[in-house]
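Read the numbers this way: they start at 1 and go in the same order the structure lists the ligands and their atoms.
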Amino acid sequence: MTRVAIVGYGNLGRGVERSLKQNPDMTLVGVFTRRAPESVATEGAAAYTMDELLQKKSEIDVCILCGGSATDLPVQTPEITKNFNTIDSFDTHANIPEHFAAVDQTAKENQTVSIISTGWDPGLFSLNRLYAQSILPKGETNTFWGKGVSQGHSDALRRIKGVADAVQYTIPNTEIIQKLKSGEKLDLETRDKHFRECFVVLQDGADAEAIKEEIVTMPNYFADYDTDVHFVSQAELNRDHKAMPHGGTVLHTGTTHEKTKQVIEYTLQLDSNPEFTASVLVAYARACARLAKEKQFGAFTVLDIAPKYLSPIDDATLRKE
Ligand code: NDP
């Protein structure tokens, strides 16, 4: 039985609590939060303060860290890895090497194991890109995200003065996907691959036209895309746009000989991004516990983990089946 602690209880934390219920070889010790535990509404799990985490060290095999990538995980993952084996879903792609180095050093010094940046992207999509590019070196990989809610872009909308609430959908350009699959060679720009669709609730007296202009010209987030902006009521946003669907496609088109075309396509279609991401974290928590038993201390990413370590089924049975 792998004994798991959930550290941080937001969307992902709740997803881990749900996922653990589907994995009979894993048991939940509790939820550990920086807030007052009684204020955190879990779905049955006991909630504790962060101070209590260390007190329960002997009862915990792996901590699944469910904090945010922007400010929580860069601090929490190295800190908690001093005393525990850990998993995180750090997804600020550009900073992964730096995060890895910090966690690797702590894990080696303290003889613990940490698997960082698990989830689906980074995570399963990273694996799929690696497989595809290694198998078909003469080829081209494209990743398309959506249709789904981007929390980062939704947050950017909510920070605009005059915006009360907002949700942003990333929408892949299916026409481009079809053309790539049929073997067309395309010179793609950012704008060609995805559209952005925003549902925005205005504060009283806000200037809709000015806000729309601010959105579509926002650098890094919207300026490089074709963006639609819809103004809706809070009631409509709450009714139609509060689920967290997502998904995406890794598409690799290659050749193995002159005109021999080969296509690898890997697609995820998710009703709930956090519940799916949580399920990936739980499978990697199993791998983390096994690496710790084998004393393979240090930091890892999904690229380092043999697939069999994810499975609750033993090696001999996996070979047979
Ligand atoms: P949330 O914002 O829901 O939660 C992050 C943290 O905020 C929690 O751990 C919790 O910590 C705190 N928190 C949650 N709710 C509240 C609240 N009501 N008031 C105050 N604090 C709160 O983030 P998500 O769970 O949605 O996502 C976590 C991270 O997962 C994201 O930053 C993203 O980077 C990553 N992610 C990665 C993916 C991948 O494929 N690799 C896919 C999806 C997400 P505490 O309990 O200690 O207060």
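A parallel orientation is assigned to the rings of H241 and F199, their planes being inclined by less than 30° (bins at 30° and 60°).
With rounding to the nearest 0.5 angstrom, the CD atom of E79 is 13.5 Å from the CG atom of L73.
A ring-ring contact (aromatic ring centres under 6.0 Å, His included) with F32 is found for exactly one of Y9, Y48, F84, namely Y48.
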Inset, instruction - Report the C-alpha distance between W145 and H246 in whole Å, list the side-chain angles of each, state the deciding distance to 0.1 Å, and finish with yes or no for ring-ring contact (aromatic ring centres under 6.0 Å, His included). - result: CA-CA 8 Å; W145 296 276; H246 219 320; 8.6 Å; no
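For CD of E265, the number of neighbouring non-hydrogen atoms (other residues, nucleotides, ligands) closer than 6.0 Å is greater than 12.
Contact residues of ligand 1 (protein heavy atom closer than 4.0 angstrom to a ligand atom; sorted by chain and number): G8, Y9, G10, N11, L12, T33, R34, R35, C66, G67, G68, S69, D72, S89, D91, T118, G119, W120, D121, P122, N273, T277.
Contacts classified as ring pair (Phe, Tyr, Trp, His ring centres under 6.0 Å) and involving residues 300-321 (residues at least two apart or in different chains) are not found.
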